[in-house]
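Take a look at the structure set out below.
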Amino acid sequence: MQISLSKQPLPGFPTLFPVFQDDHTDARLSQIAAVSGLEKSVLESLFRGEAKETLPLPGSSGTLWLLGLGKKTGFREVRNALRSFSHRNKSRLPEGINIDIQGIETHAEAMLNGFLLGLYELGQHKTEEKKPLLLDQINLVSEAESPDIQSFITRAELTAASQIRVYDLVNAPANFLRPEDLGVRTTELGTEAGFSVRVLDKAALEAEGLGALLSVGRGSEFPPVLIVAEYTPELPDSESLPLIALVGKGVTFDTGGLSIKPSTNMHWMKSDMAGAAAVIGTMDLVARLKLPVRLLGVIPATENCVDSHSVKPGDIIRSYSGKTIEVIDTDAEGRLILADAVSYAIKNYQPDVMVDLATLTGNCILALGYHAAGLFTQNETLASRLSAAGDICGERVWRLPLWDSYEDELNSDMADVKNLSGKPVAGAITAAKFIEAFTGKHPAWVHLDIAGVAFSDSEFASQRSATAWGVKLLSSWIEGIAAGEKPYI
Ligand code: BES
Ligand code: ZN
Ligand code: ZN
C-alpha cells in the first residue's frame, strides 16, 4: 500500500471526510459544502456525524464520503470508525482514496491505523475466488505544515502491519501453527525487522532443565520450544540502554490436557498463544521503529494435549528455577510454562523491567469481562504508567491485588508449590501469585492476564477473532521509556 500526504486530493479518486460530532462539525460541513457544491443546510439535514455513520455524495472529481466519528475523541473510537468504514467498503474501493484530515491532523495516526486494519482479510483458507482488493494508494490530505503528521503516518502504518501479523498468528488454527512454527515465524520476522532469534528445541530444553515447559509439552507429538528474541538498536551506547523483557504465553492449543476442557468452544483455544503473538508483534514494531531501547522477548511455546505421555494430575515436576511443582490441574498449564520462561529471562538476562502477557484464566474474564486486561504488579510506577498508556490507546488494564495473604493457597504438602489453589475463588490472582513465585522478587515485574481481550467478538468477523491486544499498549509504553521515562523505581 502506498501512503502519501499532500495538500490536494488525488484527482479522480473518492475522498473520505471524517467528521466529529462536536463544535468542529460546523466548520467541517462548510468545507465539505464548498467542495461538493451542495448547500451546507442540505448536508446538515442528511448527516449528523454519529460514530460510523456514512454518507456518500456525488462530487465533480469522484465520490465524497462523509464518515461520522461521534462525540468521543479517543484513539480507540476514531480508529474503530475508520476501521469499520474500510472493512464495510473494501470490495468497492477503487485503486486510490483520499482521506481529508484537514483540522483533525492530531487524529491522523488513529484514522490511518484503523483504515489499514479494516482491510485485513480473515478468509485466507477459503478456496472460492474472491474479488481482489483494488486499493493500493491512500492519500492523506492536509494543508497544515506540521512535521509531526509524517511521523504519525509512519507509526500508523508500521503499527497496523505488526498488528496484522499478530492477527495472522492468533487466528491461525493449531494445525497451521505448531510450537516450532511459531519459532520459524519469529525468526523470519526477526530477519525482516532487525532482531535476533534463538529457538531452543526439546533437546536444548532438556539440557537446560526447563522441566515445567517440557512437562506441559509431553502430551503432544509436536515438541515444545523456547523462543528467545533480542533487539538492540544500532547505537554507540546501546549497551547502557534499559533492558525490557517481554514474556508471552505461547500455548498453540490448549485442550486442558488430562484435566480436559468441555468441547463447547474448545476451538477458541487456538488463541492461547495470543500473549506470545503480542510479544512478537511488539518486538517487530519496536525494531521497525528503531526505538532506542533494548528488548528481550521470551516465549515458551507448546501444545497442551491428551496422550498417554501427558503430565498427570498429581505429578510433581521440577522447574527451571529448581522449585518443585505439584500439578493439581493440567489445564492450569500457562503458569507452568511462564514459571520457566520468567526465571529463564531473569537468570540469563537480568532485565531492568519485565512484563508477561498471557491468556491465563477464565476467572479474569469473570472479574473484568471483555473490557480490560488484569494487571498485577507490586510496582506502583509500572502500574500507573501502563494504566495511563492503556487509557490513551484504548487497550485498557485494571489492577488487581497481589497481597501476600493469597499466597497460602499455593502451598503444597509434597512439593514447593502447587499449580492450583484448592478454592474456587480469586483464580486470576492466585495464578499471578504463582508466577510471582518464580520472579525472584524482581522489583519491576508486571503480569497482564489478557484472556478476555485477546480474542473477541467484533463487527469485523462473525465469530471471535484476534484483536492484537497489547501491541499498541506496549509500544506506546516503550516509546515513553525510549523518550527517557524511568520505567521502574
Ligand atoms: N487458556 C486458559 C484460560 C482461558 C480461558 C483463556 C478462557 C481464554 C479464554 C487456561 O490455560 C486455563 O485453562 N485456565 C483455567 C485455570 C483453572 C484450571 C485453574 C481456567 O481459567 O479455567
Ligand atoms: Zn489451560
Ligand atoms: Zn491455557
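Whatever order the structure lists them in is the order used to number ligands and atoms, beginning at 1.
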- [ ] Decide whether an N or O pair under 3.5 Å exists between K249 and ligand 1.
- [x] yes
TODO: Spell out, as yes or no, whether a donor-acceptor pair under 3.5 Å connects the side chain of D449 to the backbone of L360.
DONE: yes
Task: Residue pair S456 / S458, side-chain donor-acceptor N/O under 3.5 Å - done: no
Task: E192 and R288 ion-paired at < 4.0 Å - done: yes
Open item on the list: Just to verify, what does E109 make a salt bridge (charged side-chain N to carboxylate O under 4.0 Å, His left out) with, not counting sequence neighbours?
Closed with: R155, K472
Task: Pairwise side-chain hydrogen bond (donor to acceptor under 3.5 Å, both in side chains) hits with a residue in residues 266-276, at least two apart - done: K249-D272, D272-T359
Open item on the list: Are H87 and Y120, when compared by the centres of their aromatic rings, separated by less than 6.0 Å?
Closed with: no
TODO: Please work out whether any backbone atom (N, CA, C, O) or any side-chain heavy atom from C-beta onward of N304 is under 4.0 Å from ligand 1, and answer side chain, backbone, both or neither.
DONE: neither
TODO: Could you name the option among D254, N265, D329 that has the heavy atom nearest to atom 18 (C) of ligand 1?
DONE: D329
Let me check something: any side-chain donor-acceptor pairs from residues 172-180 under 3.5 Å, sequence neighbours excluded? List them with distances.
from, atom 1, to, atom 2, distance (Å)
R178, NH1, A174, O, 3.4
R178, NH1, E303, OE2, 3.1

Task: Note: R399-E380 ion pair, threshold 4.0 Å (strictly below) - done: yes
Open item on the list: Taking 4.0 Å as the limit for heavy-atom contacts, which would you say applies to D272 with ligand 1: side chain only, backbone only, both, or neither?
Closed with: side chain
- [ ] Just the protein N/O/S atoms under 2.8 Å from the Zn ion (ligand 2), please, no waters.
- [x] D254 OD2, D331 O, D331 OD1, E333 OE1
- [ ] Considering heavy atoms of the protein only, find what lies nearest to atom 10 (C) of ligand 1 and give residue, atom and distance to 0.1 Å.
- [x] L360 O, 3.2 Å
Open item on the list: Looking at R218 and D307, is there a salt bridge between them, counting it only when a charged N and a carboxylate O are closer than 4.0 Å?
Closed with: no
Open item on the list: Looking only at protein heavy atoms, which one is nearest to atom 16 (C) of ligand 1, and what is the separation?
Closed with: R335 NH2, 4.0 Å
TODO: Please could you name the atoms of ligand 1 that A451 approaches to less than 4.0 Å, counting only its heavy atoms?
DONE: 6 (C), 8 (C)
Task: Sub-4.5 Å side-chain heavy-atom contact between R185 and L189 - done: yes
- [ ] Any atoms of ligand 1 less than 4.0 Å from a non-hydrogen atom of E333? List them with their elements.
- [x] 11 (O)
Task: Passing candidate, side chain to side chain contact (heavy atoms under 4.5 Å, CB included) with N113, options Q163, R83, E157 - done: Q163
- [ ] Decide whether the shortest distance between a heavy atom of R464 and an atom of ligand 1 is less than 4.0 Å.
- [x] no
Task: atom 12 (C) of ligand 1: nearest protein contact (heavy atom, Å) - done: D331 O, 3.2 Å
TODO: Select one of side chain, backbone, both or neither to describe which atoms of M273 lie under 4.0 Å from any atom of ligand 1, heavy atoms only.
DONE: neither
Open item on the list: Side chains of N304 and T255: any donor to acceptor distance under 3.5 Å?
Closed with: no
TODO: Looking only at protein heavy atoms, identify the closest one to atom 21 (O) of ligand 1 and say how far it is in Å.
DONE: G362 N, 2.6 Å
TODO: For atom 7 (C) of ligand 1, find the nearest protein heavy atom and state the residue, atom name and distance (0.1 Å precision).
DONE: M269 CE, 3.7 Å
TODO: May I ask you to list the atoms of ligand 1 that are less than 4.0 angstrom from any heavy atom of K261?
DONE: 2 (C), 12 (C), 13 (O)
Open item on the list: Which residue and atom name correspond to the protein heavy atom nearest atom 17 (C) of ligand 1, and how close is it?
Closed with: L420 CD1, 4.2 Å
Task: Charged tip of R294 within 45° of Y231 ring normal and under 6.0 Å - done: no
